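Treat the numbers as computed from the prediction; the structure is a model and nothing was measured. In what follows, chains are A, B, ... by sequence order, proteins preceding strands, each numbered from 1.
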Amino acid sequence: MADPLFEYLQRLGDDSLILAQRLCEWCGRAPSVEVDLSIANMGLDLLGQAQLFLAYAGEIEGKGRDEDALAYHRDAAEFRNCLLVEQPNGDFAQTMARQFLFSLHRELLLEALTASSDTRIAEIAAKAVKEVRYHVELSSDWVIRLGDGTDESHRRMEEGLDWFWRFVDEMFELDALETELASSGIAADRRALRGEFDRRMTEVVERATLEVKPSQWPLSGGRRGRHGEELSRMLAEMQVLARAYPDARW
Amino acid sequence: MADPLFEYLQRLGDDSLILAQRLCEWCGRAPSVEVDLSIANMGLDLLGQAQLFLAYAGEIEGKGRDEDALAYHRDAAEFRNCLLVEQPNGDFAQTMARQFLFSLHRELLLEALTASSDTRIAEIAAKAVKEVRYHVELSSDWVIRLGDGTDESHRRMEEGLDWFWRFVDEMFELDALETELASSGIAADRRALRGEFDRRMTEVVERATLEVKPSQWPLSGGRRGRHGEELSRMLAEMQVLARAYPDARW
Amino acid sequence: PAKVARFEERVAADEFIEPNDWMPEAYRKTLVRQISQHAHSEIVGMLPEGNWLTRAPSLARKAILLAKIQDEAGHGLYLYCAAETLGTSRQEMIEALHSGKAKYSTIFNYPTLTWADIGAIGWLVDGAAIMNQVPLQRTSYGPYARAMVRICKEESFHQRQGFDLLLQLVNGTPEQKAMAQDALGRWWWPSLMMFGPPDDQSPNTARSMRWRIKRETNDELRQRFVDATVPQAELLGLKVPDPDLTWNEERGHYDFGEIDWAEFYAVVRGDGPLAKERLKARRDAWDQGAWVREAADAYEAKQAQRSLAA
Amino acid sequence: PAKVARFEERVAADEFIEPNDWMPEAYRKTLVRQISQHAHSEIVGMLPEGNWLTRAPSLARKAILLAKIQDEAGHGLYLYCAAETLGTSRQEMIEALHSGKAKYSTIFNYPTLTWADIGAIGWLVDGAAIMNQVPLQRTSYGPYARAMVRICKEESFHQRQGFDLLLQLVNGTPEQKAMAQDALGRWWWPSLMMFGPPDDQSPNTARSMRWRIKRETNDELRQRFVDATVPQAELLGLKVPDPDLTWNEERGHYDFGEIDWAEFYAVVRGDGPLAKERLKARRDAWDQGAWVREAADAYEAKQAQRSLAA
């Protein structure tokens, strides 16, 4: 069994990395230059967080793997991201729905982690939480603007949130590994964040004149490496150079 | 410099392989089950041709590479397909336009190659030409049906042919390598096929009530390994397993 | 009532009912539901396999997989045609699929995560399908029975190919063997679920069996599948993910663990891991192809008019 | 005429012309064309680089590239704003781009085929852009000049990053070095073309120089680029693909071969290798984003009404 802290840091890092990669797919294709800019902005923040968490993960593992080795030389089943972040972009409403749901959970998680007994985690979280707070703002604004915009944007935004609903619960799951890490003050108790998430999420959704759908059968598995069909396809692209030239440094 | 025959066989094989791969992308997404069937049918024919030509290419090279080594372990710049076949599918009209233009040229080429002084090539061509003749029929039928269908299908079909026009000349280029192989009766003189191509192409386009656009600046480079941006992306997907597990046999 | 008696008599005598023969409405409805569900399964089933078609690791395997998917499209077509002989149009059936009213096999709502899954689908899913379908070659409705004869022949070919793919993996590198084991681990239970709910929760079984629409119960078929498949897993050197699995000398059958029926009913309800993605893929293909189908119709109409005018 | 004289005088004295100042129509038109072309180049230029963003081979390189593309989007914005001060809306400029009426730098119609191309673009394309742009920091139109100051600073940063990327490659494996050489081979000539047609075929140069919209001729800038870049290529150990390239002691400059002007004019005409793909990508992004922009407008309107009502 791998070191629990190593596992945990991969979860934190992979969430950022995989979502950053999805955001990169928008490059040059956003609805306006301004949106292109703000998507790139979020992508950069997430990439930076991924580097910090994965570098630390590699150190904890102690087998000489750095953040690039972890990003570029693991198979899909070795990734520990939640299912939500690996979902394809869909239209702009879906992308913003995903961003909103993820960022809101992430802000709460990072906030809690600023008090982690692991000072390295606490430091990274302190830096990252400010960035993610801005992502919440930006994506909330879009949820509201699209929800309360035209009939078409309202419909798309509602469908966007609806499409990702089944992936929300997974972000608040606390398995044995995290329970233990939480009891020693390293990890945060994800379950404790759910109330605040629901409160703030509902607030935004209501301002957006949208309706929260009744809960669906929740899906999970990402933390154990059980992903959907799209992750391996995304990694084939992301890792192609590193795989084709294993001896090269870039 | 590589053996000219090895080069030539890669050209013949890669054209089939890359187009087959594009057709595979339609799987389960065609406008009807019947169309799904016929696309799969063409894909299978082309895959078979690719295997025969590339297996022979590997033998001629004499370095122990078989058809799979060539398909799965060359980089984009080592592929020798013409640019047309690597172009993304676009909509169904584009896919049929590409299929029609390629298959018509290919039928004429294979017909000529049934008389190749290289008996192995002649044999493969004799088998393949029958298959490709059917592809010409099928794609011509769609060009006509869509061209002479609704206003929307007419517009899409016209745009589809227009989109690929710039890649047609390349299929009739005869460089020094093929000139030499043609003079020894191994290769076919591609330039000699152009008249018949134009005649039959015009016939179909006219029956489809479409207009042939004035010729555009023709693009080429595929035979020298100068491809567009999409080929490497396609290969990243196609080759991912072979690259990730170089020691495995499947 | 005389008609009903005559019908029941013919069916009991293993005669084939043909499209123009009289049949009870419930028989017709049950058949349409069953055949169209089967047709939809073939078509939706192309998606999880198609997911690896572009990544097949050798040209020979790619060709085998493409041919298999092509066969499935063909099966879908026969079955739609068989159902159409009962007076339901393909358009209606496809709309029922897209609206979620019609079902398809729950198994296709699970993801294909590695190349080994392609082998597992051939071996287990086609294997289970054969168990279901072999008795249907003698089903009471003629067009359905005849479609089944052809389908069964191809399915058993697919099953051997799937087994062969896994055989290659288990004889390969450690990563390949692990891939095969992982695939069996994920596909085993969903395959057992393919036979439907347990007999005591399958209220229509008795009638369907009397009508020869079904010829064996869900639990009988499931048992037969387990009995046939476990030795094959041993041959592959793979471990079936069921701690309760043991040979019962007395029964002459394998005993096996309890199926997670909550998961089964969730997937039936439309909550499978990829249920939304599958339906969306089908709907998108259909919607995006609408202009093509319309163009083909318009062209046919013009041609008809032209030949009329000529 | 008095206004014209006064204008010419101010420009000759290197004073800045500001949006509300009087200016000749031809000056305004030339500027709008030049600035919007420059803005479009930044935006279209995101595409060839974005092509490798998802495949960047290390996280650090991915972040650098993403930051660079982000800068380009930012440059596009400043420049659109600068052009808007001349009375042309962004909507109009974008429509001109999509209709093919407005141009963008020919270089972005070439494909990025390997990761090394990302280095080559930074080093050569941004390098050439800097040569063009440094003098424009003193261009006569104030908003344009100020945009240029900020842009030039970032561009030279990008150029160093591109050079650094290539440096890593030439010090890497043989495949990496070959990749770098191949990239230089493909990007060299298109980079020289970035400076536009030779002076004797550039009829408006004289006027543009008098108006300080241009401050050096195409051939002067091209020469300066060659002189600066050839030593850098030597530093990288890469061969410039020009057999005629030699140091001319007498002139104190490099002599270089003839540019393929037929290719240049074909690309200007819209026949570049990926010209159609680039325009299509931009048009698709714009069209597919229409509902988002409409929604944002509708929301703003509602908000305005609400605050009015409150």
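- Interface remark: of the candidates C/Gly50, C/Gly76, C/Ala296, C/Ala301, C/Ala296 forms the most heavy-atom pairs closer than 4.5 Å to chain B.
- Residues C/Arg293 and B/Pro31 approach most closely at NH1-O, 3.0 Å, considering heavy atoms.
- Side-chain atoms of B/Glu237 and C/Thr54 include a donor-acceptor pair closer than 3.5 Å.
- The most heavy-atom pairs under 4.5 Å with chain B, out of C/Leu47, C/Ile94, C/Leu77, come from C/Leu77.
- C/Arg306 and B/Asp148 are joined by a salt bridge, as a carboxylate oxygen and a charged side-chain nitrogen come within less than 4.0 angstrom of each other.
- In terms of heavy-atom pairs under 4.5 Å with chain C, the best-connected choice from B/Gln51, B/Glu152, B/Glu67, B/His154 is B/Gln51.
- Comparing C/Gly289, C/Ala63, C/Ser58 by how many heavy-atom pairs each has under 4.5 Å with chain B, the most go to C/Ser58.
- Contact annotation for B/Leu47: only side-chain heavy atoms (C-beta onward) come within less than 4.5 Å of a heavy atom of chain C.
- Contact count against chain B (heavy-atom pairs under 4.5 Å) is highest for C/Arg55 among C/Gln288, C/Arg55, C/Met46.
- Among the residues in residues 242-250 of chain B, those with a non-hydrogen atom closer than 4.5 angstrom to a non-hydrogen atom of chain C are B/Tyr245, B/Asp247, B/Ala248, B/Arg249, B/Trp250.
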Full working for side-chain contact (heavy atoms from CB on, under 4.5 Å) between B/Leu146 and C/Tyr299: CA-CA 8 Å; B/Leu146 296 177; C/Tyr299 178 77; over 6 Å; no

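- Distance CZ/C/Arg61 to CG/B/Asp68: 10.5 Å, rounded to 0.5 Å.
- Ranked by heavy-atom pairs under 4.5 Å with chain C, the list B/Ala71, B/Gly43, B/Cys24 is led by B/Cys24.
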C/Arg90 and B/Val33: CA distance, side-chain angles, deciding distance, side-chain contact (heavy atoms from CB on, under 4.5 Å) verdict: CA-CA 11 Å; C/Arg90 198 184 328 169; B/Val33 185; 4.0 Å; yes

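- Of the listed residues (C/Leu59, C/Asn171, C/Leu66, C/Thr173), the greatest number of heavy-atom pairs within a distance under 4.5 Å of chain B belongs to C/Leu59.
- Both the backbone and the side chain of C/Ala60 come within less than 4.5 Å of a heavy atom in chain B.
- For chain B, the nearby part of C/Glu300 is the side chain; its heavy atoms alone come within less than 4.5 Å.
- Of the listed residues (B/Val35, B/Ile39, B/Val240, B/Asn41), the one with the most heavy-atom contacts under 4.5 Å to chain C is B/Asn41.
- Within residues 92-106 of chain B, the residues approaching chain C closer than 4.5 Å by heavy atoms are, in numerical order, B/Phe92, B/Ala93.
- When heavy atoms are compared at a cutoff of 4.5 Å, B/Trp26 does not approach chain C at all.
- The pair B/Arg145-C/Glu294 does not count as a salt bridge, with every side-chain nitrogen at least 4.0 angstrom from each carboxylate oxygen.
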Steps toward side-chain contact (heavy atoms from CB on, under 4.5 Å) verdict (B/Ser153, C/Val292): CA-CA 7 Å; B/Ser153 71; C/Val292 176; over 6 Å; no

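- With hydrogens and angles ignored, the 3.5 Å screen pairs no side-chain donor or acceptor of B/Arg29 with any backbone N or O of C/Arg282.
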